[in-house]
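Working notes, structure below.
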Amino acid sequence: MARPAAGLMLRAQDVHKRYRHEEVLKGIDLEVAGGEVLCLIGPSGSGKSTFLRCINHLERIDAGRLYVDGALVGYREHGDCLYEMQPREVCRQRADIGMVFQRFNLFPHLTALQNVMEAPLHVRREPKAAAGAHARALLERVGLADKADAYPSRLSGGQQQRVAIARALAMRPKLMLFDEPTSALDPELVGEVLAVMRGLTEDGMTMIVVTHEMAFARDAADTVAFMDAGVIVESGPPAEILSRPRHERTRSFLARVIGAQA
């Protein structure tokens, strides 16, 4: 199978995923260049979150290939056969892929600063002083320098999600994955998280974002891909997909979502 071209951060080739008798991903082909932002949109249950979890091997794919920065994700290839990597190898590979979930998944017994420091200390084995300085810089970047010593229970949902973004960035990832990062937030807190994400796009971070925030997709994405029933129905520039979609499935979805957000 052909390897990804130079300059691609992500390449998905005919990716399939099945849960028992249900095929969730039905042959995903997708490319994201370094520095680009891809927004994945579509109805619940279309396979968007599953695809994101496959990119960093939180879910095993059943067929196809996924490459991140030219490296095959989760497997070694010998001839025509794939052999799954050992857990330690997967963890090293996953360290280059940051992920922000719907729920913040912060450690409740650690402060914001300690949450951000945790992975660099224990995965990358960074010196404590260096990890602490970098963590403080990241908290300042997401507007939470004054919350370094606060525990998650003392933070709003928007603040917790911004800590989660700082935590993912602490590993200096090549690629950032966002799985509906604002869906668990009260409406008035959504803007503060999206502002941080817009800042990352301006810094040139490669991002794949599963979202229902159409204004963010329109403003921040280089490419929007509409998924439904485990396939990518269509993809292209935001102005094309969000304003002039070619497929009726895309048009009906956007009519519902944009109408609800109006």
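As a basis for the values below, the full set of heavy atoms in this structure was taken, side chains included, without hydrogen atoms, waters or symmetry mates. Remember, it's a predicted structure, so these values are computed and weren't measured experimentally.
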*Worked verdict on Y67 versus Q13 for side chain to side chain contact (heavy atoms under 4.5 Å, CB included)*: CA-CA 9 Å; Y67 297 91; Q13 297 177 313; 3.2 Å; yes
*asked:* Counting neighbours of CZ on R154 that are heavy atoms of other residues, nucleotides or ligands and sit closer than 6.0 Å, is the number greater than 12?
replied: no
*Shortest non-hydrogen separation from R53 to N56 and the atoms involved*: O-OD1, 2.9 Å
*Would one find more than 12 heavy atoms of other residues, nucleotides or ligands at under 6.0 Å from atom CD of E248?*
yes
*Does the distance from a Lys or Arg side-chain N to an Asp or Glu carboxylate O, for D69 and K174, drop under 4.0 Å?*
yes
*asked:* Between E234 and R249, does any NZ, NE, NH1 or NH2 come within less than 4.0 Å of an OD or OE carboxylate oxygen?
replied: no
*Measure the CG-CD1 distance between L82 and I61 for me, rounded to the nearest 0.5 Å.*
7.5 Å
_Member of T206, L38, L177, V68 meeting the side-chain contact (heavy atoms from CB on, under 4.5 Å) criterion with L10_ = V68
_Aromatic ring pairing F253/F226, orientation class (parallel under 30°, perpendicular over 60°, tilted between)_ = tilted
*Could you check if a side-chain atom of V37 sits within less than 4.5 angstrom of a side-chain atom of F178, using non-hydrogen atoms only?*
no
*asked:* Just checking R136: does its CZ atom have more than 12 heavy atoms from other residues, nucleotides or ligands closer to it than 6.0 angstrom?
replied: no
*Could you tell me whether R167 and E118 make a salt bridge, using a distance below 4.0 angstrom between a side-chain N and a carboxylate O?*
no
*Any Lys/Arg nitrogen of K26 or D62 sitting under 4.0 Å from an Asp/Glu carboxylate oxygen of the other?*
no
_Any side-chain heavy-atom pair of L169 and M176 under 4.5 Å_ = yes
*asked:* Please determine whether the number of non-hydrogen atoms from other residues, nucleotides or ligands lying under 6.0 Å from atom CD of E240 exceeds 12.
replied: yes
*Has R103 got more than 12 heavy atoms of other residues, nucleotides or ligands less than 6.0 Å from its CZ?*
no
_With a 6.0 Å cut-off (strictly less than), is the heavy-atom count around CZ of R18, excluding the residue itself, greater than 12?_
yes
*Using the side-chain contact (heavy atoms from CB on, under 4.5 Å) rule, pick out the option among E77, Q93, R11, M85 that qualifies with L72.*
E77
*Flag side-chain contact, heavy atom, 4.5 Å: V163 against V116*: yes
*Quick one: does M227's side chain get under 4.5 Å of I28's, heavy atoms only?*
yes
